[in-house]
Amino acid sequence: MEIISKILIGIVALEHLYILYMEMFAWETLGKKTFKGALKDELFQPTKTLAANQGLYNGFLSTGLIWSLFISNPEWSENVAHFFLGCVVVAGIYGALTASKKIFFVQALPAIVALLFVALR
């Protein structure tokens, strides 16, 4: 269970590193492809700074999850993982309610599954 939970935490962390990259450095290319239909093409350039800010927050989530993998105290490692996975779940649910339902499945659901495995270890 421990190895599976760490793999799942790693997957969620990598996903948020990818989101960081897309929102901070590739908003007008990858962002445009990812959010096709959600935003008009002409809005990507003026929202570049806002997207970069969001990307930075995704980086913080990823960093916290990666940090949880290196904490040697099992109780603290679990607590830190719970906190950051919980943040991802909340962000994913909020994104699903306000932007696109797809965000629940892409962002929140993997974090929920990881949370379950962390709780079971």
Side-chain angles (χ1 to χ4, degrees):
M1 228 28 111
E2 173 113 10
I3 292 172
I4 294 171
S5 69
K6 288 186 176 199
I7 289 169
L8 292 171
I9 290 168
I11 289 169
V12 174
L14 286 173
E15 177 184 23
H16 284 273
L17 280 177
Y18 173 77
I19 294 170
L20 170 145
Y21 171 75
M22 176 186 60
E23 291 179 341
M24 291 189 81
F25 305 108
W27 182 241
E28 294 180 80
T29 55
L30 282 176
K32 200 177 276 190
K33 289 178 190 173
T34 302
F35 293 98
K36 189 173 183 86
L39 281 177
K40 295 177 182 175
D41 283 353
E42 62 269 9
L43 290 177
F44 282 89
Q45 199 284 322
T47 60
K48 188 175 179 177
T49 304
L50 295 171
N53 187 51
Q54 288 177 184
L56 183 63
Y57 289 111
N58 279 289
F60 293 145
L61 293 174
S62 182
T63 301
L65 291 169
I66 293 167
W67 173 41
S68 78
L69 298 173
F70 290 96
I71 299 172
S72 58
N73 180 299
E75 185 178 350
W76 272 103
S77 175
E78 187 174 322
N79 289 338
V80 171
H82 278 151
F83 174 77
F84 283 99
L85 287 169
C87 289
V88 171
V89 170
V90 170
I93 290 171
Y94 184 79
L97 292 172
T98 59
S100 168
K101 293 186 185 349
K102 178 183 172 186
I103 293 173
F104 176 82
F105 298 102
V106 172
Q107 190 175 5
L109 191 58
I112 291 168
V113 171
L115 259 175
L116 290 173
F117 276 87
V118 170
L120 293 173
R121 66 177 175 180

When the aromatic ring centroids of Phe35 and Trp27 are compared, is their separation below 6.0 Å?
-> yes
Chi angles and distances behind the side-chain contact (heavy atoms from CB on, under 4.5 Å) call for Asn58, Gln107 = CA-CA 11 Å; Asn58 279 289; Gln107 190 175 5; 4.0 Å; yes
Between Ala52 and Met24, which heavy-atom pair has the shortest distance, and what is it?
-> O-CG, 3.3 Å
For the atom pair CG (Leu115) and CG (Leu120), what is the distance rounded to the nearest 0.5 Å?
-> 10.5 Å
Can you find a pair of side-chain heavy atoms, one from Leu8 and one from Val12, that are under 4.5 Å apart?
-> no
Can you tell me how far CG of Leu50 sits from CG of Leu43, rounded to the nearest 0.5 angstrom?
-> 11.0 Å
Determine the minimum heavy-atom distance between Ile103 and Gly92, stating which atoms define it.
-> CG2-O, 3.6 Å
When rounded to the nearest 0.5 angstrom, what distance separates CD in Gln45 from CD in Glu28?
-> 5.0 Å
Can you name the nearest heavy-atom pair linking Ser68 to Ser77, along with the distance?
-> O-OG, 2.6 Å
Would a 4.5 Å heavy-atom cut-off, applied to side chains only, mark Leu20 and Leu56 as touching?
-> no
What's the shortest heavy-atom distance between Ile9 and Ala81, and which atoms?
-> CD1-CB, 3.8 Å
Distance in Å, Ile11 CD1 paired with Leu65 CG, rounded so as to fall on 0.5 Å steps = 12.0 Å
Distance in Å, Thr98 OG1 paired with Ile93 CD1, rounded so as to fall on 0.5 Å steps = 11.5 Å
Any idea which heavy atoms bring Gln54 and Glu23 closest together, and the distance?
-> C-OE1, 3.2 Å
Work out which heavy atom in Gly64 is nearest to a heavy atom in Val80; give both atom names and the distance.
-> O-CG1, 3.7 Å
Is the Phe60 ring parallel, tilted or perpendicular to the Tyr57 ring (thresholds 30°, 60°)?
-> perpendicular
How long is the gap from NZ on Lys33 to CG on Leu30, to the nearest 0.5 Å?
-> 6.0 Å
Please examine the side chains of Lys6 and Val118, heavy atoms only from C-beta on, and report whether any two atoms are closer than 4.5 Å.
-> no
